[in-house]
Each structure stands twice: as C-alpha cells, then as structure tokens.
> 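I am attaching a structure below and will ask some questions about it afterwards.
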Amino acid sequence: MSNLQDPRVLFALERTALAWNRSGLALIAFGFVIEKSNLIVQLVDPEKYQNKIVYNHWLGIAVILFGILINIGSILQYRTGLKSLTPSEFIPDYQIRHPVLLNLFTVLTGILLIISFWVS
C-alpha cells in the first residue's frame with residue numbers, strides 16, 4: 001500500500017501500464033511481420049520452403065498471443081496498483097480507465113489479427 005500521499009504515484013502507475021501496452025503492441029506487430037513473411041517465401045520457392053511457411057505461420061501467431069497476454073497482464077497489474085492507492089493520491093475527476101481501455105483495444109486488435117489469418 002502506498003503512503004506517499006502524492007498524485008504522482010497515480011501517474012507513475014499509468015505510465016507503467018502504458019509502457020506495457022507499447023511492449024504488447026510491439027510484440028503483436030512483430031508477430032504480424034513474422035506471419036506475413038510467408039508471402040515472400042512463397043514467391044521464392046513455395047515447395048522448397050513448405051516447412052518454413054508452416055513454422056512462420058505458427059510462430060507469428062504465438063508471438064501475437066504473447067503480446068495479447070502482456071496486455072492482459074498490464075490490465076491486471078494496473079488495477080492491482082490502483083487498489084493500493086489512498087484517496088489522496090487520486091485526482092478529482094481524473095479518468096483512470098483510459099489505460100485499461102487502450103489495453104483492451106490492443107487485445108481486441110490482436111485477436112482480430114489472428115482471426116484474419118484464417119479468413120483471408
């Protein structure tokens with residue numbers, strides 16, 4: 001439990017949640033690049049690199065799922081941190097939901113991205 005009685009603790013907690021969001025988003029983007037590298041391999045020689053194509057597909061999905069898990073963990077950590085703050089560390093009328101909403105949007109984007117690999 002925080003005893004600093006300082007609103008900057010809330011801002012530090014929010015910055016940490018947003019930093020984890022960036023990390024999860026970067027992993028999702030990296031997973032997308034890995035999965036889409038199959039297109040280049042298919043143009044070169046699809047028969048020769050068939051195993052690599054399947055491997056890249058599942059590796060890309062695994063990295064995207066890891067990014068999604070990072071964002072879910074960020075939400076849980078942020079909410080746990082909010083519970084530890086005292087009322088004097090909150091700013092009146094300050095919206096504390098925005099990091100959670102941003103992380104949820106990133107999770108939804110990652111899920112839709114994975115679904116798009118099978119729909120196309």
Side-chain angles (χ1 to χ4, degrees):
M1 183 167 166
S2 174
N3 293 319
L4 296 176
Q5 311 297 325
D6 190 353
R8 290 181 292 182
V9 177
L10 173 64
F11 294 140
L13 186 62
E14 192 172 70
R15 279 192 308 271
T16 303
L18 294 174
W20 279 107
N21 179 269
R22 285 189 302 273
S23 298
L25 187 60
L27 283 168
I28 291 170
F30 186 56
F32 174 78
V33 169
I34 291 171
E35 204 282 333
K36 288 303 175 187
S37 68
N38 290 336
L39 295 175
I40 296 171
V41 174
Q42 286 176 347
L43 290 174
V44 173
D45 190 357
E47 293 175 10
K48 181 180 178 184
Y49 296 109
Q50 180 60 33
N51 292 338
K52 184 177 176 88
I53 292 169
V54 172
Y55 174 75
N56 281 356
H57 177 74
W58 290 108
L59 179 62
I61 289 174
V63 172
I64 291 170
L65 285 174
F66 186 62
I68 289 171
L69 290 175
I70 292 292
N71 281 302
I72 291 170
S74 173
I75 292 169
L76 297 175
Q77 286 293 98
Y78 179 70
R79 294 188 65 185
T80 301
L82 286 177
K83 291 176 189 174
S84 73
L85 298 180
T86 61
S88 62
E89 292 170 316
F90 288 95
I91 300 168
D93 298 325
Y94 187 77
Q95 297 295 319
I96 59 173
R97 295 185 308 256
H98 292 155
V100 173
L101 294 174
L102 182 60
N103 276 297
L104 286 174
F105 177 74
T106 306
V107 167
L108 178 65
T109 303
I111 291 169
L112 291 175
L113 189 60
I114 290 173
I115 292 170
S116 75
F117 295 153
W118 280 287
V119 172
S120 58

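Values below: every heavy atom of this structure, side chains too, minus hydrogens, waters and symmetry copies.
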> Give me the one residue out of Leu27, Val63, Val107 that meets side-chain contact (heavy atoms from CB on, under 4.5 Å) with Ile68.
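Only match with Ile68 under side-chain contact (heavy atoms from CB on, under 4.5 Å): Val107.
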> Do Leu102 and Trp20 belong to the same hydrophobic cluster, where Ile, Leu, Val, Met, Phe, Trp and Tyr are linked whenever their side-chain heavy atoms lie under 4.5 Å apart, directly or via other members?
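Result: no, two separate clusters.
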> Listed by chain and number, what are the side-chain contact (heavy atoms from CB on, under 4.5 Å) partners of Leu25, not counting sequence neighbours?
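Listed in chain order: Thr106.
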> Supply the atom-to-atom distance Asn71 CG to Phe66 CZ, rounded to the nearest 0.5 angstrom.
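It comes to 11.0 Å.
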> If Ile, Leu, Val, Met, Phe, Trp and Tyr residues are connected whenever their side-chain heavy atoms lie under 4.5 Å apart, and connections chain through other members, are Leu65 and Ile70 in the same group?
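No, because Leu65 and Ile70 fall into different hydrophobic clusters, even though each may have its own neighbours under 4.5 Å.
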> Would Thr86 and Glu89 count as having a side-chain donor-acceptor pair, cut-off 3.5 Å?
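Present: a donor and an acceptor within the cut-off.
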> Do Thr109 and Leu113 have side-chain heavy atoms sitting under 4.5 Å apart?
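Thr109 does not reach Leu113 side chain to side chain.
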> About how many Å separate OG of Ser23 and CG of Leu18, when rounded to the nearest 0.5 Å?
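Answer for the CG-OG pair, Leu18 versus Ser23, is 11.0 Å.
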> Say whether Leu69 and Ile28 are linked into one hydrophobic cluster, either directly or through other cluster members, by side-chain heavy-atom distances under 4.5 angstrom.
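No, separate clusters.
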> Would you compute the distance between atom CG of Asn56 and atom OG of Ser37 and round it to the nearest 0.5 angstrom?
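Atom-to-atom, Asn56:CG and Ser37:OG are 4.0 Å apart.
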> Any side-chain heavy atom of Ile72 within less than 4.5 Å of one from Asn103?
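Ile72 does not reach Asn103 side chain to side chain.
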> Nearest 0.5 Å, what's the CG-CG distance between Leu101 and Asn21?
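Separation between the atoms: 11.0 Å.
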> Would you list the pairs meeting ring pair (Phe, Tyr, Trp, His ring centres under 6.0 Å) in which at least one residue belongs to residues 70-110, sequence neighbours left out?
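Qualifying pairs: Phe11-Tyr94.
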> As a test of understanding, state which of Leu85, Ile96, Thr80 forms a side-chain contact (heavy atoms from CB on, under 4.5 Å) with Leu13.
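Result for side-chain contact (heavy atoms from CB on, under 4.5 Å) with Leu13: Leu85.
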> Report yes if the side chains of Phe117 and Glu35 come closer than 4.5 Å at any heavy-atom pair, otherwise no.
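SC-SC contact between Phe117 and Glu35 confirmed.
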> Same cluster for Ile75 and Leu82 if Ile/Leu/Val/Met/Phe/Trp/Tyr side chains link at under 4.5 Å?
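As far as the 4.5 Å side-chain criterion goes, Leu82 and Ile75 are connected within one cluster.
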> Give me the ring orientation class for Trp118 and Trp58: parallel if the planes are under 30° apart, tilted from 30 to 60°, perpendicular past 60°.
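Ring orientation of Trp118 relative to Trp58: tilted.
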> Distance from Phe32 atom CZ to Ile64 atom CD1, nearest 0.5 Å?
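Phe32 atom CZ to Ile64 atom CD1 measures 8.0 Å (nearest 0.5 Å).
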> Nearest 0.5 Å, please: how far is CD1 in Ile91 from CZ in Arg8?
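So the gap between those two atoms works out to 11.0 Å.
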> Verify the cluster assignment for Leu59 and Val33: are they in a single hydrophobic cluster under the rule of side-chain heavy atoms below 4.5 Å apart?
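Unlinked, Leu59 and Val33 end up in two clusters.
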> Between Ala17 and Pro99, which heavy-atom pair has the shortest distance, and what is it?
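It is CB-CB, 4.1 Å.
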